[in-house]
Amino acid sequence: MERMRTRLGGEAEAFFSALEKKPRTSVRLHPYKGADLFPEAEPVPWHPLGRLLPERPDFETSPLWHAGAYYVQEASGMSLRAFLPEKRPLRVIDLSAAPGGKATLILGELGLTGGLLIANDPDPHRRAALKENLERWGIPAYFITGRHPHYWAERYPEAFDVVVLDAPCSGEGLWRKDPQAACQWSPQLVRRMQRLQRSLLFAAKALVAPGGRLIYSTCTFAPEENEENLAYAFDKAEEWSPVSWNAPPSEAYPVRYANGGIGYYFYPHRSPGEGFFISAWERVDGMPLHRRAEWRWSSAPYSLPEGIRAFTRGEAIYALTEAAAALLPPNWHQEKWEAFPLGTRHRPAHAAALLAGGMAQAFPIRGLSEEDFSLYLRGESLPAYAPIEWVTVQGRGVGWLYKGKPSLPFTWRRFLRHRRP
Ligand code: SAM
């Protein structure tokens, strides 16, 4: 409280009382599948597809949520968009990507032609959520990996135009959303997180190509984890320059720190989102170590939208945009990863139904009403007229229906298991 009083002066009481209020719900619309949704909702000032909703809907029963037409994300984190460079194509790595808020934002920006995202997170449980979220989003320009950032730094120095480090932190900005985070807080936690973040920052720096950017963010207000870390990491760094936000909104509170750095805080009394800090640095241009992986395509089992192609590993078939394949770093064939699954030659994967750009040319379409969708969601078998039908609700793909044996895709089964009391 002392720290926040010193920082915010006359605004401190408004800050403390905002921490007692209910968080606001916001969503980010999918650029291909959902850009026209929630037309009445208040826009998020720093993201053209961000919407603030008047109340929290029941997302899990919403067909549009299942179709990946929007992603539920608190508003402050959407500011990442302002720090991405305009250049395309882009090679991006998100070092701590789970459950996928920033990663889906980046994929939305890259679209089907704008580049490659490596979505990395060392935590296997959180990675499972990341996988589901990226499949639902349906833009196959990514690979998911589970390495420590130092592994990346050693194997792929200077390989990325953008390195995102949305670091694990003490979570002060999440207290009203997750009261548990307040119970776990201690000054020791802040110091422990600072040590971890500094080590991650050095790995992240090593990955940035000449002319590229490092974007650092946390969801804490602790300066030790934010500007103090950046001042430390970018000390004596002549080959780096700070990136400032071109037209920062009044909701973002700027802080200047050593070496000319500038960061932005989102405080709950000024901004509709949760607590957040973001700051970026750019490496001066120079000779890149430009090396690329050789990439082999295979014939697609279904006709895929333009710009997307198929490749195989064993029996499994995956989708990838041509733009992403063109940017893969060397030695990529040695890596362990998960990509966007299309299924096998005999059966499409659940994710294939969610592909941005649609599967309409490949399968007969089965449009469901919202009532039929809720039966489908509950696992009740609906009659199919063709061997495989592409199930859509309001024109967006949500899954498959098989003639004969009713068979729910894996992700539905898991979802239904979670829903049982
Ligand atoms: N970027 C995510 C999003 O927007 O949805 C949120 C990331 S969360 C703030 C921090 C993440 O850091 C967690 O998913 C956690 O698993 C990951 N993490 C923990 N230790 C890490 C480490 N040593 N290196 C990289 N990531 C780590």
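Counting convention: from 1, in listed order, for ligands and their atoms alike. In this text, all values refer to a predicted model and were calculated from it rather than measured experimentally. Only this structure's heavy atoms are used, side chains among them; waters, hydrogens and symmetry mates stay out.
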Measure from NZ or CZ of Lys205 to the centre of the six-membered ring of Tyr216 and say whether it is under 6.0 Å with the direction within 45° of the ring axis.
no
For ligand 1, which atoms sit closer than 4.0 Å to a heavy atom of Pro149?
24 (N), 25 (C)
Judging by distance only, is a nitrogen or oxygen of Gly100 under 3.5 angstrom from one on ligand 1?
yes
cation_pi(Arg313, Trp337) dist<6.0 Å, angle<=45:
yes
Specify side chain, backbone, both or neither for Leu200, according to which of its non-hydrogen atoms lie closer than 4.0 Å to ligand 1.
side chain
Do Cys169 and Gln197 make a side-chain contact, defined as non-hydrogen atoms from C-beta onward lying under 4.5 Å apart?
yes
Looking at ligand 1, is there an atom of it that comes within less than 4.0 Å of some heavy atom belonging to Pro99?
yes
Numbered atoms of ligand 1 (with element) below 4.0 Å of Asp123, judged on heavy atoms:
16 (O)
Check His148 against ligand 1 and report side chain, backbone, both or neither, counting heavy atoms closer than 4.0 Å.
side chain
Nearest-neighbour protein heavy atom for atom 18 (N) of ligand 1, which is reported as residue plus atom name and distance:
Pro168 CG, 3.8 Å
The one among Asn133, Asp121, Asp94 that brings a heavy atom closest to atom 17 (C) of ligand 1:
Asp121
Is it the side chain, the backbone, both or neither of Arg126 that has a heavy atom closer than 4.0 Å to ligand 1?
side chain
Applying a heavy-atom cut-off of 4.0 Å, say which part of Ala103 lies close to ligand 1: side chain, backbone, both or neither.
neither
Among all protein heavy atoms, pick the one closest to atom 11 (C) of ligand 1 and tell me residue, atom and distance.
Ser96 CB, 3.5 Å
Would you kindly check if the NZ (Lys) or CZ (Arg) of Arg270 is within the cone defined by 45 degrees around the ring axis of Tyr253 and under 6.0 Å from the six-membered ring centre?
no
Could you list which atoms of ligand 1 come closer than 4.0 Å to a heavy atom of Pro122?
21 (C), 22 (C), 24 (N), 25 (C), 26 (N), 27 (C)
Could you say whether the N/O atoms of Tyr71 and ligand 1 ever approach to under 3.5 Å?
no
Tell me the nearest of Gly101, Ser217, Gly77 to atom 3 (C) of ligand 1, using heavy-atom distances.
Gly101
State whether the shortest distance between N or O atoms of Lys102 and N or O atoms of ligand 1 falls below 3.5 angstrom.
yes
Please indicate whether any nitrogen or oxygen in Ala98 is less than 3.5 Å from any nitrogen or oxygen in ligand 1.
yes
